[in-house]
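Before we start, here is the structure in question, set down as C-alpha cells.
Values reported hereafter were calculated over all heavy atoms of this structure, with side chains retained and with hydrogens, waters and symmetry mates removed. Throughout, residue positions are numbered sequentially from 1 according to the sequence presented. Quick caveat, the model's predicted, so the values are computed rather than measured.
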Amino acid sequence: MRDLAEDGKVQFKERITDKYDIGCEMVAFSNSRGGRLIIGVNDKSGVINALSYHELQETTNLLTSIASENVIPNVLIDVNNVPTTGGAVVVATIPEGKNKPYHDNKGIIWVKNGADKRKVFDNSELAEMMSECGSFAPDEAAVPNATIDDLDADTIKLYLMSRFAPVFKGKNIDELNMKDYSLDAMAESVIKGVTIERLLRNLRFIRPDGKMTVAAMLLFGKYTQRWLPVMTAKCISYIGNSVGGTQFRDKMHDMEIEGNLLHQFRTIMNFFTRNLHKVQVEKEFNSIGELEIPYESLTEYVVNALVHRSLNIKSPIRIFIFDNRVEIHSPGTLPNGLSIEDIKNGTSMPRNMFLFTNANYLLPYTGAGSGVRRALEYNPDAVFFNGVEDKEMTHAANEFVITIPRKSNQAQSESNLVTNESNQADRESNQPRVNLVTRKLTKKEEDIRNFCSVPRTAQEIMDRLKISNQSKNRQKYIASLIELGVLERTIPEKPNDPNQKYRRKK
C-alpha cells in the first residue's frame, strides 16, 4: 500500500468519519469508470493504519449502508477485508454504474476528476452519461421545427439505392437514372403503396410524433447546421507546429463544410488532399503519387470522427494540419468504457447506434470494428489519446484525438497543383489525365465543388453564390469548372437538358 497513490480509480480513507463524504465518493465512482475505496490508509501519506476486528465489522456494515442510502439510485458494492500487519484494511469495489447519472442524498451529481471529484452541472455531460447507459439516444432525439422538406432528395436517393440495392437493380434503377424517379416513386419500389414520408417513418428517421430525428438531419439534411450548428468541422492547415500560430496555409470557411455527413466527409477529404504532399512511390515519372499519409487511413479516421463523435458535447470536430503532424479531434472520449487497446484490437461498441447502422449506406465503412486496425496497417505510426488533456498538443480532456506524424521530407509536390512540366510530360507520354486541375481553385470554386458533392441544378449553384442565373455567371462558375475537370454533367449527352444537374467529378 505504501507504494500506491490516489488516482481516478483508487481513493484512500484512514477511517469513515463522514458518511456523506463517502457517499459522494461512491457517486463519483459510479458516474465514472468505477474504482476502489480503501479504508485504513492515510490519504495524505499513504501509510497504513490497520483496522481492528471491531472496526472491520463496523466499517463493512457502514459501507453497505451508505451504498444503499446515500447513493441514488443505490449501488451494489463488493467489500473485502485484506489482512495486514496489526489488523486489516477494507477494500470496497464500486463498479461503473448502469443507471447514470447517480447523485447523493442532497441531489448533487459527482464524477471523478483525477484523484479528486467534481460536481456536474452541464446538461450535455448528463446526457452523455445517460447515452452510455442506453437511457437516452441522442441520434434519435427530435429536431424541433424541421420537416421532410429540409432533407436533401438526392442524398436520400443515394441512401435508398445503397440500402435496397437488390430491389433497384431488379428494376434497372441506378445512380445515373434515379433523377428520373421521385422520392415517392422510389419508396413505392421498396414497399408498394408507401410514400417517402411513410418509408422514413418505418425506417425510424421520422419519430412517431412526426418530428425529424437528429440522425435524419445528419444524414440527409440540406442545411444541417441550420438545425444542428455544432455538428460540423473546423479544418486549419498551420504554418509551423503550434495551434497558437497565427499563420496558416489553408483555413476552411464555415460555409464550405455546411451540409450533411456525406458532404462533410467529402469536404474534409478534399481538405487533406489539397494540403498534404504527394509522394512519388514508383520510379516512373508520370506515375500517380500517393499522399504522404495513406488516403485509406485518413478515410477510416474521418468516418470514425463523423459517426462516433459525441452528439451531446456542443463542439465541432477539429482537424489540424501542422508541419510535422496531423491531428483529428473528435468530441467525447471512447464510450462504454472502451480503451485504446480495445479499439486497436477491433472491439466495436458504437456510441450512436442508430446513426452507426445507417451511415454505412452513405459513407465508406463496414461497421465490423475493423476500421482502426485497417487504418493502422496503412499507417502504424498513428497515436491515440483518449481524454488526455495536453495544452501543448491541443488535447482536451473530453475528446478523442488521433495524431499522425507527417513525413514531409519525402514530399515531392503539393496535391492541389499540377505543374506545367508534368502537364507537358503527360502529353508527350500520352498518359491519360487523372486530374485536369492546372491551378489552385479559388474559395468560391472550392465551395461550388464541395456543394456539388450531391448533384445540383444551375439555379441551386447560383443561389448558393447569391448571384443571378445568367449565362455569363454559368460560364464563369459552372462551365469553367467542367473544363477544369472539377464538375461533370449528370446528363452529359444533352448539355441543355432542362433536368441537367452538375456534380463533383470523382
**Q.** Beyond-backbone contact of Asn260 with Leu219, side-chain heavy atoms, under 4.5 angstrom
**A.** no

Q.
Restricting to non-hydrogen atoms, name the atom on Asp149 and the atom on Lys222 that form the minimum distance, rounded to 0.1 Å.
A. O-NZ, 3.0 Å

(Q) Looking at every heavy atom in both Arg504 and Thr267, which two are closest together, and how far apart are they? (A) NH1-N, 4.5 Å

(Q) Looking at Gln459, I'd like to know if its CD atom is crowded, meaning that more than 12 non-hydrogen atoms belonging to other residues, nucleotides or ligands lie closer than 6.0 Å. (A) yes

Q. Is the closest side-chain heavy-atom distance between Pro144 and Lys211 below 4.5 Å?
A. no

Q. Of the options Lys444, Arg274, Arg464, which is the one that meets Glu256 in a salt bridge (Lys or Arg N to Asp or Glu O under 4.0 Å)?
A. Arg274

Q | Donor-acceptor contact below 3.5 Å, side chain Gln225 vs main chain Gly259 | A | yes

(Q) Using the rule given for side-chain contact (heavy atoms from CB on, under 4.5 Å), can you reason through Tyr378 versus Leu298, listing the C-alpha separation, both sets of side-chain angles and the distance that settles it, and then say yes or no? (A) CA-CA 10 Å; Tyr378 287 113; Leu298 290 171; over 6 Å; no

Q | His308 backbone acceptor or donor facing Arg351 side chain under 3.5 Å | A | yes

Q. How would you list, by chain and number, every residue that makes a salt bridge (charged side-chain N to carboxylate O under 4.0 Å, His left out) with Glu197, sequence neighbours excluded?
A. Arg201

Q) Any donor and acceptor pair, going by atom type alone, linking the side chain of Ser453 with main-chain N or O of His263 inside 3.5 Å? A) no

Q) Taking all non-hydrogen atoms of both residues, which atom of Ile461 and which atom of Cys452 are closest, and how far apart? A) CD1-SG, 3.7 Å

Q) Do you know the tightest heavy-atom contact between Phe322 and Arg406? A) O-NH1, 2.9 Å

Q.
Go through it in stages, so that I can follow the logic: the residues are Asn304 and Ile402, the test is side-chain contact (heavy atoms from CB on, under 4.5 Å), and I'd like the CA-CA distance, side-chain angles, deciding distance and then a yes or no.
A. CA-CA 11 Å; Asn304 270 280; Ile402 302 172; 5.9 Å; no

Q. How long is the gap from OG on Ser30 to CD on Glu96, to the nearest 0.5 Å?
A. 9.0 Å

(Q) With rounding to the nearest 0.5 angstrom, report the CE to OH distance, Met129 to Tyr102. (A) 11.0 Å

Q: Output yes when a side-chain donor or acceptor of Arg207 lies under 3.5 Å from a complementary backbone atom of Glu140, and no otherwise.
A: yes

Q) Ser32 side chain to Lys112 main-chain N or O, any donor-acceptor pair under 3.5 Å? A) yes

Q: Report yes if some heavy atom in the side chain of Pro101 is under 4.5 Å from a heavy atom in the side chain of Val120; otherwise report no.
A: no

Q | Flag side-chain contact, heavy atom, 4.5 Å: Tyr238 against Asp323 | A | no

(Q) Does this structure show an ion pair linking Asp250 with Lys443, if we count only N-O contacts that are shorter than 4.0 Å? (A) yes

Q: Taking atom types as modelled, find out whether Glu446 and Asn450 have a side-chain donor-acceptor pair closer than 3.5 angstrom.
A: no

Q) With no hydrogens and no angle check, is any side-chain donor or acceptor of Lys505 less than 3.5 Å from a backbone partner on Leu481? A) no

Q: Keeping the roles fixed (side chain from Gln500, backbone from Thr490), state whether a donor-acceptor pair exists under 3.5 Å.
A: yes

Q: I would like to know whether Asp139 and Arg204 meet salt bridge (Lys or Arg N to Asp or Glu O under 4.0 Å); could you show each step before the answer?
A: CA-CA 11 Å; Asp139 48 354; Arg204 293 170 44 213; over 6 Å; no

Q: For residues Phe265 and Pro364, determine if any side-chain heavy atom of one lies less than 4.5 Å from a side-chain heavy atom of the other.
A: yes

**Q.** Asn241 side chain vs Asn324 backbone, donor-acceptor pair below 3.5 Å
**A.** yes

Q) Has the side chain of Asn499 got a donor or acceptor atom that lies under 3.5 Å from a matching backbone atom of Ile491? A) no

Q.
Contact between Phe272 and Ile319 at the side-chain level, heavy atoms closer than 4.5 Å - yes or no?
A. yes

Q: For a ring-ring contact (aromatic ring centres under 6.0 Å, His included) with His329, tell me which candidate from Phe400, Phe384, Phe385, Phe320 qualifies.
A: Phe320

(Q) Checking Arg309 against Met231 for the side-chain contact (heavy atoms from CB on, under 4.5 Å) test, could you report, in this order, the C-alpha distance in whole Å, the side-chain angles of both residues, the deciding distance, and whether it holds? (A) CA-CA 9 Å; Arg309 62 152 292 163; Met231 300 305 161; 3.6 Å; yes

Q | Donor-acceptor pair between Ser339 and Asp342 side chains, under 3.5 angstrom | A | yes

Q: Nearest 0.5 Å please: distance from the CG atom of Leu262 over to the CG atom of Leu158.
A: 7.0 Å

Q.
Please determine whether salt bridge (Lys or Arg N to Asp or Glu O under 4.0 Å) holds for the pair Asp174 and Lys169, giving the CA-CA distance in whole Å, both sets of side-chain angles, and the decisive distance to 0.1 Å.
A. CA-CA 7 Å; Asp174 56 32; Lys169 184 176 181 181; over 6 Å; no

Q: Begin from the C-alpha positions of Tyr159 and Phe205 and carry the test ring pair (Phe, Tyr, Trp, His ring centres under 6.0 Å) through to its verdict.
A: CA-CA 12 Å; Tyr159 169 85; Phe205 289 113; 5.5 Å; yes

Q.
I need the Asn31 CG to Arg118 CZ distance, nearest 0.5 Å.
A. 10.0 Å

Q) Side chains of Met161 and Met186: closer than 4.5 Å at any heavy-atom pair? A) yes

Q: Taking all heavy atoms of Ser310 and all of Gly332, pick out the closest pair and write down the distance.
A: CB-CA, 3.9 Å

Q: Using salt bridge (Lys or Arg N to Asp or Glu O under 4.0 Å) as the criterion, point out the one residue from Lys501, Arg503, Arg449, Arg456 that pairs with Glu488.
A: Arg503

Q: For side-chain contact (heavy atoms from CB on, under 4.5 Å), just list the numbers for Arg249 and Ile321, CA-CA rounded to whole Å, side-chain angles, deciding distance to a tenth of an Å, and then say yes or no.
A: CA-CA 9 Å; Arg249 294 185 175 87; Ile321 297 178; over 6 Å; no

Q: Calculate, to the nearest 0.5 Å, the distance between atoms CG and NE2 belonging to Asn275 and His277 respectively.
A: 9.0 Å

Q: Determine the sole option in Asn358, Leu311, Asn352 for which the side-chain contact (heavy atoms from CB on, under 4.5 Å) test with Leu218 is passed.
A: Leu311

(Q) Please check: side-chain N/O of Thr93 versus main-chain N/O of Arg36, any donor-acceptor pairing under 3.5 Å? (A) no

Q) Can you tell if the side chain of Val486 reaches within under 4.5 Å of the side chain of Glu445, non-hydrogen atoms only? A) no

(Q) I need the minimum non-hydrogen distance between Asp154 and Pro455, along with the two atoms involved. (A) OD2-O, 3.0 Å

Q) Quick one: OG1 on Thr147 to CE on Met212, what's the gap to the nearest 0.5 Å? A) 6.5 Å

